[in-house]
Amino acid sequence: MEVFINLLVNGVSTGLLIFLLAAGLTLIFGLMSVLNFAHGGLFVWGAFSGAWIFKETNSFLLAIAGSIAIGMVLGWVLERFLIRPVYGNHVRQLLITLGGMLVLSESIKIFWGPNPIRVNLPAWLEGSYQFDGIIIIKYRVFVIVVGLLLYLALWLLLSRTQIGLMIRAGVLDKEMVQALGINVKGLFTFVFLLGAGLAALGGALLAPYSGVVFAEMGMQYAILAFIVVIIGGMGSLQGSALASLIVGVAGAFMAYYMPDLSLALNMLLLATVLLVKPTGLLGEKGSAV
Amino acid sequence: MSLLKLDNLETYLGQYHILQGVSMSVEVGSITVLFGRNGAGKTTTLRSIMGFNPSTTGSVHYHNQKISGMPTHLISRKGIGYVPENQGIFSALTIEETLNLARAKSTGDAEEKMEWMLELFPDLKKFWRKKSGLLSGGQKQMLAIARAYINGDGLLLIDEPSKGLSPIMVEKLMESILKMKEKTTILLVEQNFLMASEIGNYFYIMDDGKIVHDGWMQDLKDDRETCQKYLGIA
Amino acid sequence: MRGVVHKVPLYWGLAILLFMLLFPFVNDSRSTLILLTQIFIFAIFAMSFDILLGYTGIVSFGHCMFFGIGAYSTALIFNQLDATLPNFILGLVIGILLSALVSYIIGLLSLRLKSHFYAMLTLAVSQLFLVLAEKWRGLTHGGDGFTFSVPDIFKDRTSFYYITLISVAIVFILLKLFTESSAGKVLKAISQNEYRAEALGYKSLQYKLIASVTAGVAASFSGSLYAVSLRFINTNVFSIEVTLDALLMTMIGGLGTLAGAIAGAGIIEFLRHYLSELAMIYPIFERWTIILGFLYIVVLLGFPSGLAGFIKKFTSKKGRKEKKKREVGKAA
Amino acid sequence: MEKILETKSLSVSFGEHDVIKEVNLEIERGKLTSIIGPNGAGKTTLFNLLSGQIAPTKGEIYFKNDNVTKLSVPLRARRGIGRSFQLTNIFPELTVLENIRLAIQSSSKDYYSILPRLSFMSRQQDEAKAAMERCMLSGKEDVLAQDLAHGEKRKLELAMLLALKTELLLLDEPTAGISIEEIPAILEVIENIKKEGMCTIVLIEHKMEMVMHLSDTLVVLFNGELLASGNPKEIIKDQRVQTAYLGGLHRESIKTG
Amino acid sequence: SGDTASSEEETIKIGVLASLTGPLETYGKQTVAGFELGLDYATEGSNEVAGKKVEFIVEDTETKPDVAVRKATKLLEEDEVDFLVGSSSSGDTLALLPLAEEYEKIMVVEPAVADSITGKNWNKYIFRTGRNSSQDAVAGAAAIAEKDVKIATFAQDNAYGREGIAAFKEGAEKLGATIVNEQYADPNSTDFTANIQSIINEKPDYLYIVWAGSNAPWKQLKDMQLEEQGIKISTAAQDIASLKTMDSLIGMSGFSIYYHTLPDNKVNDWLVEEHKKKFDGEIPDLFTAGGMTAAISIVEALKKTEGDKDVDGLITTMENMEFETPKGKMKFRAEDHQALQSLYAVTLEEQEGVDHPVPVLIRELNMEETEPPIRNGE
Ligand SMILES: Nc1ncnc2c1ncn2[C@@H]1O[C@H](COP(=O)(O)OP(=O)(O)OP(=O)(O)O)[C@@H](O)[C@H]1O
Ligand SMILES: Nc1ncnc2c1ncn2[C@@H]1O[C@H](COP(=O)(O)OP(=O)(O)OP(=O)(O)O)[C@@H](O)[C@H]1O
Ligand SMILES: [Mg+2]
Ligand SMILES: [Mg+2]
């Protein structure tokens with residue numbers, strides 16, 4: 001029983017962490033139909049800058065805020081120079097953001113060197129709670145809380161405001177939306193910055209989670225985020241959240257009960273979902289085929 | 001009083017010189033019809049007004065205010081509604097969502113306009129929650145017109161609305177446009193001479209990127225020669 | 001006549017081939033030979049990718065799996081049996097058959113998916129192959145890999161150079177014929193308007209299958225050559241970087257041209273080589289990956305159809321001007 | 001009289017909405033049948049059913065007395081059902097000639113040959129030229145389809161259908177968006193096809209002058225149901241057709257024209 | 001031209017292959033720096049052995065086997081090097097082994113660790129100054145295993161991890177310990193708590209970890225409070241960059257391969273001093289010492305042959321050759337040319353003014369104790 005609870009808690013918190021990463025991508029991928037491979041690059045930048053700011057200032061909140069800001073600045077540059085010329089063309093988006101990814105990951109090394117960097121936590125998040133046999137790491141609780149809050153905020157933004165609608169329409173016919181008096185360019189930039197900020201936040205929060213960050217993690221997490229977004233169904237925030245939880249929890253349980261298969265778990269999940277329900281768990285009907 | 005004034009517009013698409021000095025004006029409360037062969041530049045004229053294909057020289061004035069050079073969304077917010085040639089349907093959005101979107105930056109009383117449009121085109125109400133992409137050709141056209149009307153209030157630019165509509169729909173559309181005329185000004189691109197001549201007040205004929213003829217609609221109907229020469233109507 | 005025989009590119013192609021055939025006589029630098037051999041091998045791989053992406057519009061993120069299947073088949077045969085030519089053929093054929101089978105099954109299951117979904121699915125499957133190679137340690141020795149010996153004719157750098165060069169030429173010709181064939185034309189049509197192609201009586205799934213099997217087979221062939229060139233194999237051949245390389249090469253060279261893929265392989269490998277050489281002298285080039293990344297972005301933004309597209313545009317502009325002149329002349 | 005196509009209580013519904021209801025349609029070989037009906041009546045949907053783009057919820061389709069209800073789009077095309085689309089639908093980045101050649105290739109059953117055959121290609125070339133000539137597209141061989149003017153794209157669609165050598169042509173508003181001067185040209189192409197008597201044509205059109213001019217049979221679709229079918233002159237006198245479809249504007253013009 | 005030929009004859013060329021870009025670039029750069037210092041030291045600054053000039057040429061393998069092969073071929077054919085040294089990754093190194101055999105040139109492997117280099121894939125031209133996985137494992141076992149000790153293991157699910165644990169198990173069981181649980185985790189995983197949980201359930205005395213690379217589980221081990229539950233952690237104290245990530249393991253006992261304060265000998269003293277001089281006060285690291293060792297081994301061999309480059313002669317000389325290195329005394333075992341060497345049982349301690357946990361010596365595990373099984377006969 002303790003094992004079960006431990007696995008569950010850890011799985012859920014890993015899941016929500018993955019959700020933070022995937023949420024930015026869902027927004028960009030789902031709403032604007034932009035395949036942003038550089039998302040992983042923003043994520044690493046968030047992780048490194050968060051760790052660095054925390055080390056310099058010793059303020060965790062500042063670290064988070066700073067990394068989000070840096071993520072957004074980079075996101076702006078990406079949107080302005082790489083993505084804007086290729087809106088609406090999936091193949092080119094994929095290819096061009098791949099270039100962005102290369103540059104972002106490699107440039108990490110210019111600033112922080114090629115070695116992995118250790119990341120610390122503020123004292124108030126250190127340690128764990130223990131109730132006979134059940135160990136719950138404090139920071140994971142924190143991540144769970146942040147993840148849930150962010151989910152709520154995004155959900156409100158998308159369902160309670162017209163932004164979601166405008167963006168979806170903008171993707172379908174950019175000119176026509178402009179003709180309705182809506183500033184599509186500004187809107188797209190906004191969403192992209194939001195996504196970039198989320199990616200950076202995900203990075204900043206992941207860094208203390210695993211304790212080390214390294215430049216190569218970008219690609220790895222870009223792929224993970226894509227997997228989650230597709231399993232959940234493109235553009236569906238709920239889908240991404242669900243998929244993140246599944247990936248997190250299944251990962252925890254598989255690693256415990258079937259460690260031999262855990263290496264292949266995410267890919268098996270993805271393959272199964274795509275073959276059985278190509279639109280993803282909560283994806284729109286007919287969007288995948 | 002002229003509401004919209006085009007002054008010597010020159011527009012290039014790629015290397016092609018499409019509009020070669022287009023000047024025209026649209027009077028408040030009128031229906032002005034733009035005729036011309038395929039490829040004459042009618043659509044391009046409307047797109048230049050909307051700022052999609054900005055002209056290189058010349059100017060567009062709306063309410064005596066220069067709007068050429070402004071970004072499209074600001075032009076739209078001046079109160080200009082646009083129905084594009086290809087209808088510009090948001091295929092994955094429902095009618096409800098589309099019209100809500102039209103309301104977002106609408107000028108004037110959006111509620112009232114919305115109600116009136118639903119009254120005018122009951123089909124829209126009937127398929128309220130349906131994806132626009134699944135509508136029939138005619139239904140899409142109605143949606144596009146309703147969307148433009150709800151969005152703007154001063155001027156409607158409509159590009160070939162009768163395309164693909166059944167005779168009775170064309171007739172209904174004519175009636176609707178005539179009704180709309182009481183509340184707004186309309187610049188219409190149309191191939192259906194029968195329809196356009198019925199409802200238009202003034203007309204321009206374009207050929208090869210230039211205005212080659214203009215005048216009052218009543219006069220055109222009697223002007224066999226012009227009809228023959230530019231519109232291919234015996 | 002458009003589309004069947006382009007005379008000018010044909011002469012160019014022959015000239016380049018001739019130059020490459022004579023190259024070992026004028027330059028005896030072994031490492032240049034190896035670099036060129038490497039380029040030829042990746043050119044085949046990039047061409048196979050071009051069949052998918054450039055001609056059929058299929059984005060695959062798992063193309064390395066066929067490269068890997070070919071490489072492992074050859075490597076394992078040499079590891080288990082003697083280093084003889086027939087065994088090479090055996091490995092090659094096994095790789096090709098396996099790749100054909102795998103690409104057929106994957107295609108059948110998933111080619112109905114839209115581009116990016118298909119891309120992710122192929123990524124997933126290729127990663128499963130990576131896991132398989134890692135886990136089946138008894139056979140593959142996992143990530144560390146193993147070495148093996150190859151027939152002497154492959155050991156000799158010059159003869160292997162010629163083998164790969166001729167392979168490129170043959171694969172190029174075969175694939176070119178394929179793209180110019182009826183089926184090839186249909187592929188192009190499908191990539192532009194699948195719906196319409198179906199209404200003309202073409203079963204698009206079957207054509208995509210043909211394309212993906214063809215691409216898989218060619219990729220497997222290049223993988224076999226790769227394994228032979230290294231005499232060593234490890235799970236790297238299944239890594240996503242291999243796929244990304246093919247992507248960079250086809251993009252930079254120009255999609256849907258085959259020749260572009262060859263040029264792209266050359267450009268990328270040469271750049272890598274020289275930038276990393278430069279890094280030995282000027283430390284500022286140490287981060288040459290960034291330079292490569294930037295270059296890639298610039299090419300994508302500035303010349304979206306790659307080098308081949310650029311040349312085509314350039315020459316066709318010239319052609320058009322000349323044509324115009326002629327017309328003017330006639331009129332006068 | 002010989003039926004080339006027949007539907008038996010063909011129905012389709014999308015969710016709650018019944019779009020085609022129990023349609024029993026018979027198309028006579030060699031004749032031109034026009035389908036008219038208000039917007040949203042289900043005309044395009046009916047075409048989609050016939051050519052296989054969507055599957056019926058109920059009923060069967062017989063083509064030359066074979067049940068083709070379950071066949072896929074390409075298989076039906078191979079049997080001889082060709083169609084054009086309400087919005088132009090071509091291969092934008094191929095040249096006009098290549099567009100047409102694709103159709104020829106399909107009609108000559110050259111589906112899967114993966115090596116080019118020169119003799120076949122030059123024969124294709126000739127056939128393509130012939131089709132272009134009939135559709136008045138000569139001289140545009142090497143133009144990319146996307147660069148054609150709207151009217152020319154329409155003609156290209158017709159040329160492709162001709163090259164496909166189908167026995168049954170389904171034309172969905174071939175003159176939509178064509179300027180008045182160009183309509184006669186398209187009309188002429190269709191008339192020529194009809195005269196040559198090679199294929200049976202089913203036409204969806206809203207331009208009544210054209211419909212009356214061309215049709216042998218007129219079918220009226222209303223709200224997904226077959227309202228009437230038969231001799232055009234008779235049909236348009238039908239009161240229901242008048243009120244449901246034609247409205248006031250056309251009453252005059254048709255009577256006189 | 002006869003002149004140049006003879007001066008060519010007089011020069012000894014060494015090709016050094018290392019990852020100078022990519023994820024392993026720190027390793028590669030250390031190797032190169034160490035190699036240069038090693039030449040300096042062994043030739044006493046003259047860069048000459050037995051009157052012959054010694055030159056070395058560095059090439060970047062980019063941690064890609066194909067690039068490694070190309071660069072090595074260039075070294076062998078164009079620069080006509082007499083020795084190869086390298087490389088930073090096991091994959092690259094394995095790909096190079098056949099070249100050494102083909103060109104009949106000695107290759108000194110440093111610092112790649114895969115057992116198969118001196119095992120299944122070995123050929124007689126291969127000498128390894130770096131320690132191999134099995135030596136690590138034997139040392140790891142020697143540091144903690146004794147009768148009736150219960151040990152759980154945790155490693156990355158790849159060749160490095162699996163190989164390391166297999167060798168450790170063999171060594172530990174020989175010493176009477178029992179392995180109660182073996183966990184392997186996806187090297188790319190974010191979350192290792194499930195594996196750790198499973199280990200906790202077995203209540204072992206020790207947890208032995210084999211881990212290389214960035215994504216290390218140290219933080220989570222601490223979060224899961226292993227120490228508090230009476231489970232002692234043991235692993236290798238590797239290079240400084242990894243030590244920097246091992247904050248949460250302070251107090252653990254394990255083993256070290258090299259730390260600048262550990263081997264107390266004059267070669268190491270020289271290295272530390274010169275390195276600090278040359279690199280702005282920086283201390284030498286694991287692979288710096290490795291690079292130096294490789295250089296020393298070559299120069300020592302050449303000294304013994306009096307500059308004779310004859311390969312067979314060199315091989316005979318090098319087999320069983322003992323030489324002093326910054327990592328202590330080493331000896332190339334005749335059977336598989338693996339250098340036997342001391343490793344160090346240590347605990348990690350916090351030290352004033354040092355930004356990483358410092359391995360502090362408990363006892364030296366001498367070269368007999370850490371001798372790995374011979375595996376090239378299979
Ligand atoms: N993107 C483009 N690039 C180059 N030329 C274009 C482009 N778009 C349109 N054209 C050309 O511009 C000319 C004018 O086009 P426009 O669409 O304005 O004509 P139109 O009068 O609306 O015709 P139609 O009645 O067919 O709609 C045509 O000759 C057309 O081929
Ligand atoms: N895939 C679909 N899903 C749901 N409803 C559909 C679908 N396709 C068509 N419809 C609906 O079926 C009805 C008939 O549409 P159809 O396109 O057949 O009309 P039509 O007769 O061709 O009209 P038009 O003359 O305007 O082109 C419309 O109400 C449309 O909304
Ligand atoms: Mg137009
Ligand atoms: Mg229709």
Side-chain angles (χ1 to χ4, degrees), chain C residues 28-39 41-42 71 79 83 127 130-131 133-135 137 140-150 152 155-157 226-227 229-237 239 241-242 245 269 272-273 275-280 283 285-290, chain E residues 20-22 25 29 32 57-80 89-103 112-117 119-123 133 156-163 166 184 186-188:
Chain C
D28 62 350
S29 153
R30 284 301 150 109
S31 62
T32 314
L33 273 196
I34 297 181
L35 180 63
L36 286 172
T37 308
Q38 204 74 30
I39 289 174
I41 293 173
F42 275 101
N79 195 30
Q127 294 301 295
L130 177 67
V131 172
E134 183 74 61
K135 286 258 161 189
R137 244 165 233 121
T140 64
H141 301 272
D144 276 353
F146 59 89
T147 61
F148 49 87
S149 61
V150 299
D152 287 337
K155 273 190 189 163
D156 182 74
R157 302 288 170 193
Y226 179 81
S229 78
L230 271 189
R231 289 179 249 162
F232 161 78
I233 190 159
N234 68 1
T235 50
N236 269 1
V237 288
S239 76
E241 277 81 17
V242 174
D245 275 350
E269 290 285 318
R272 280 223 174 108
H273 182 68
L275 286 176
S276 85
E277 296 274 279
L278 273 181
M280 307 294 297
F285 284 102
E286 233 168 51
R287 300 269 92 88
W288 53 266
T289 317
I290 297 187
Chain E
L20 299 177
T21 49
E25 68 174 79
K29 284 176 178 161
V32 172
I57 304 157
V58 180
E59 291 289 347
D60 179 11
T61 66
E62 300 167 31
T63 323
K64 290 184 186 136
D66 47 348
V67 179
V69 165
R70 193 168 74 230
K71 298 283 177 72
T73 313
K74 178 210 159 234
L75 286 172
L76 290 163
E77 298 232 355
E78 280 158 36
D79 302 320
E80 298 182 342
S89 93
S90 292
D92 293 356
T93 311
L94 280 160
L96 296 178
L97 301 183
L99 289 181
E101 191 172 24
E102 183 185 342
Y103 289 88
V113 294
D115 277 344
S116 59
I117 294 172
K120 193 186 146 294
N121 290 314
W122 177 83
N123 62 60
S133 284
Q156 286 159 307
D157 196 356
N158 58 23
Y160 174 74
R162 294 265 176 184
E163 205 175 65
Y184 298 94
D186 177 355
N188 293 334

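A, B, ... follow the sequence lines: proteins, then strands. Residue 1 opens every chain. Only heavy atoms go into these numbers, but all of them, side chains included; no hydrogens, no water, no symmetry mates. Fair warning: this is a prediction, and the values are worked out from it, not measured in the lab.
Most heavy-atom pairs under 4.5 Å with chain C: of the set Leu75(E), Asn158(E), Leu20(E), this distinction falls to Asn158(E). When each of Glu78(E), Glu62(E), Glu101(E), Lys71(E) is scored by its heavy-atom pairs under 4.5 Å with chain C, the top score falls to Glu78(E). Across Ala114(E), Ser89(E), Pro65(E), the residue that shares the most heavy-atom pairs under 4.5 angstrom with chain C is Pro65(E). Taking chain E as the reference chain and counting heavy-atom pairs below 4.5 Å, the highest number among Leu230(C), Thr235(C), Ile233(C) is found for Leu230(C). Ranked by heavy-atom pairs shorter than 4.5 Å toward chain E, the options Arg137(C), Gln38(C), Lys135(C) are led by Arg137(C). For chain C, the option among Asp186(E), Asn121(E), Val58(E) with the highest count of heavy-atom pairs below 4.5 Å is Asn121(E).
Salt bridge Arg162(E)/Glu134(C): absent, no basic N to carboxylate O contact under 4.0 Å. Between Asp66(E) and Arg231(C) there is no salt bridge, since no side-chain nitrogen of the basic residue lies less than 4.0 Å from a carboxylate oxygen of the acidic one.
Neither the backbone nor the side chain of Glu241(C) comes within contact range of chain E; no heavy atom of the residue lies under 4.5 Å from a heavy atom of that chain. For Asp157(E), the parts lying under 4.5 angstrom from a heavy atom of chain C are both the backbone and the side chain. With a 4.5 angstrom heavy-atom cutoff, Asn236(C) touches chain E only via side-chain atoms. Heavy atoms of Glu59(E) lying under 4.5 Å from chain C belong to its backbone as well as its side chain.
Between the side chains of Asp60(E) and Ser276(C), no donor-acceptor pair of N or O atoms lies under 3.5 Å. Remark: the Glu77(E) side chain and the Ser31(C) side chain contain no N/O donor-acceptor pair separated by less than 3.5 Å.
Within the 4.5 Å cutoff, no side-chain heavy atoms of His141(C) are placed close to those of Glu163(E). Using a 4.5 Å heavy-atom threshold, the side chains of Thr289(C) and Thr21(E) count as separate. Within the 4.5 Å cutoff, the side chain of Val67(E) has no heavy atoms near those of the His273(C) side chain.
Atoms CG and OG1, on Leu97(E) and Thr147(C) in that order, are 6.0 Å from each other to the nearest 0.5 Å. Lys155(C) NZ to Leu99(E) CG: the interatomic distance, rounded to the nearest 0.5 Å, is 10.5 Å. Distance check: Leu94(E) CG to Asn234(C) CG gives 8.0 Å after rounding to the nearest 0.5 Å.
Nearest heavy atoms, Asp144(C) versus Ser90(E): OD1-CB, 3.8 Å. Of all heavy-atom pairs spanning Asn79(C) and Lys120(E), the tightest one is OD1-NZ, 4.3 Å.
Among residues two or more places apart in sequence or in another chain, the side chain to side chain contact (heavy atoms under 4.5 Å, CB included) test is passed with Ile39(C) by Leu35(C), Leu36(C), Ala265(C), Glu269(C), Phe270(C).
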